[in-house]
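Input: a single structure, listed below in structure tokens.
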Amino acid sequence: MRSNEHLAIISDQVILVPYEAKHVPKYHEWMKSPFLQEMTGSEPLSIEEEYSMQQSWRNDKDKCTFIILAKDSDANEHDIYDDSKMIGDVNFYLNNHYEPHEAELEVMIAEDGFSGKGIATEVLKLMMHYAVNDVGVTDFVVRIKDTNAASIHIFESKLGFEETERSSAFNEVTLRRKVTDDLKSDLEKWTASSTRVTYTQK
């Protein structure tokens with residue numbers, strides 16, 4: 001999705017930046033992990049396929065992704081280009097033909113030492129705010145492995161999602177949340193300390 005190709009979002013613990021070709025090698029290393037493959041429902045790709053996928057994320061109008069950078073306490077705008085801080089990614093798909101404004105969310109914290117710190121919750125709040133205000137999303141859905149209790153907890157307890165389906169065939173739980181005035185108000189509060197800056201390809 002080209003709407004975020006020049007946007008970086010700086011928040012308390014993280015910086016979100018567009019997914020660029022320069023991020024692919026590290027992303028490719030992450031996705032060699034069997035655990036991350038299982039949690040994200042992904043198949044291993046060749047490095048050439050990863051570069052092709054990055055271009056798809058950039059150009060397709062029905063999906064959007066940001067790379068997550070860890071933010072230092074003294075970070076400034078130059079840190080949006082510090083790729084050594086990569087710790088994961090967050091994305092959404094607009095893949096429901098019957099509900100074209102429904103976004104399917106995914107988040108991945110891939111680097112060791114960054115889980116359990118509220119980072120995934122912070123990132124999802126930023127992404128949901130972007131999806132609602134910049135893309136016009138009206139409904140959110142997530143599909144999570146039923147063994148991923150931590151992720152299910154985040155969506156239910158922190159973000160107000162409710163379980164709507166459980167598939168034993170896919171070992172998967174589906175949770176949803178509709179965009180209401182209350183959610184819009186919460187998103188404004190949750191992201192009030194974040195700032196947006198222009199991201200230029202380097």
Side-chain angles (χ1 to χ4, degrees), residues 1-9 14-70 79-115 119-120 123-124 126-128 130-131 134-135 137 140-148 150-151 154-155 167 169-175 199-202:
M1 185 174 285
R2 288 197 168 273
S3 64
N4 75 322
E5 67 177 322
H6 298 300
L7 174 64
I9 304 173
V14 298
I15 303 171
L16 303 187
V17 299
Y19 184 24
E20 300 284 335
K22 64 180 180 174
H23 299 131
V24 169
K26 188 165 188 177
Y27 189 91
H28 181 60
E29 288 301 311
W30 287 341
M31 298 315 297
K32 291 179 180 178
S33 161
F35 174 75
L36 291 177
Q37 290 172 20
E38 180 182 358
M39 289 298 101
T40 59
S42 301
E43 296 290 332
L45 301 177
S46 68
I47 187 69
E48 292 80 14
E49 289 170 325
E50 290 285 15
Y51 277 110
S52 177
M53 186 65 71
Q54 181 271 329
Q55 283 298 301
S56 174
W57 279 108
R58 166 55 54 84
N59 296 315
D60 289 4
K61 67 182 189 312
D62 59 354
K63 51 192 179 185
C64 176
T65 190
F66 285 95
I67 291 294
I68 307 166
L69 308 181
D79 290 288
I80 67 176
Y81 303 109
D82 187 353
D83 305 324
S84 70
K85 302 290 188 182
M86 283 176 64
I87 61 170
D89 80 318
V90 61
N91 58 66
F92 65 78
Y93 301 81
L94 303 172
N95 57 1
N96 187 336
H97 298 297
Y98 300 102
E99 298 288 346
H101 298 290
E102 177 188 87
E104 181 171 346
L105 285 166
E106 294 180 345
V107 64
M108 177 179 72
I109 305 301
E111 288 290 307
D112 293 338
F114 290 93
S115 298
I119 289 175
V123 166
L124 286 163
L126 295 169
M127 189 57 142
M128 290 170 68
Y130 173 81
D134 292 73
V135 183
V137 166
F140 290 105
V141 59
V142 292
R143 294 179 173 88
I144 306 169
K145 290 295 181 183
D146 56 15
T147 55
N148 193 346
S151 187
I154 288 171
F155 282 98
S167 170
F170 295 101
N171 300 317
E172 194 174 72
V173 178
T174 300
L175 303 99
Y199 186 93
T200 304
Q201 297 181 37
K202 289 189 179 286

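Because the structure is predicted, anything quoted here is derived from the model rather than measured.
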Of all the heavy-atom pairs spanning [X] and [Y], show the shortest one and how long it is.
X: M1; Y: C64; value: SD-CB, 3.8 Å
X: H28; Y: S46; value: CE1-C, 3.6 Å
X: R143; Y: E104; value: NH1-OE1, 2.9 Å
X: A110; Y: L36; value: CB-CD1, 3.9 Å
X: I68; Y: M108; value: CD1-O, 4.0 Å
X: M127; Y: T65; value: CE-CA, 4.4 Å

Assess whether a salt bridge exists between K26 and E29, defined as any Lys/Arg side-chain N lying under 4.0 Å from an Asp/Glu carboxylate O. no
Does the pair D79/K85 count as a salt bridge with the N-to-O cut at 4.0 Å? no
Exactly one candidate in V14, I67, V123 meets side-chain contact (heavy atoms from CB on, under 4.5 Å) with V90; the answer is V123
Per side-chain contact (heavy atoms from CB on, under 4.5 Å), Y130 is matched among V137, L7, L16 by L7
Compare all side-chain heavy atoms of N59 with those of R2 and state whether any distance is below 4.5 angstrom.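 Contact flag for N59/R2 side chains = yes.
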With a 4.5 Å limit on heavy-atom distance, are the side chains of V141 and E102 in contact?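 Side-chain contact under 4.5 Å: yes.
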Side-chain donor/acceptor of N148 to backbone N/O of S151, under 3.5 Å: yes
With no hydrogens and no angle check, is any side-chain donor or acceptor of N95 less than 3.5 Å from a backbone partner on D62? no
Got a second to check how far [X]'s [atom1] is from [Y]'s [atom2], nearest 0.5 Å?
X: F92; Y: M128; atom1: CZ; atom2: CE; answer: 11.5 Å
X: L105; Y: I144; atom1: CG; atom2: CD1; answer: 9.5 Å
X: K63; Y: N91; atom1: NZ; atom2: CG; answer: 9.5 Å
X: E99; Y: H101; atom1: CD; atom2: NE2; answer: 9.0 Å
X: E20; Y: Q55; atom1: CD; atom2: CD; answer: 9.0 Å
X: E5; Y: S3; atom1: CD; atom2: OG; answer: 8.5 Å

Using a 6.0 Å cut-off, check whether atom CE of M86 has over 12 heavy atoms from anything other than its own residue. yes
Show the numbers, then the answer: is there a side-chain contact (heavy atoms from CB on, under 4.5 Å) between I15 and D82? CA-CA 10 Å; I15 303 171; D82 187 353; over 6 Å; no
Can you name the one residue among Y27, W57, F66 that meets ring pair (Phe, Tyr, Trp, His ring centres under 6.0 Å) with Y19?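 It is Y27; the other options fail the test.
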Evaluate the ring planes of Y81 and Y199, with Trp represented by its six-membered ring, and classify them as parallel (under 30°), tilted (30 to 60°) or perpendicular (over 60°). tilted
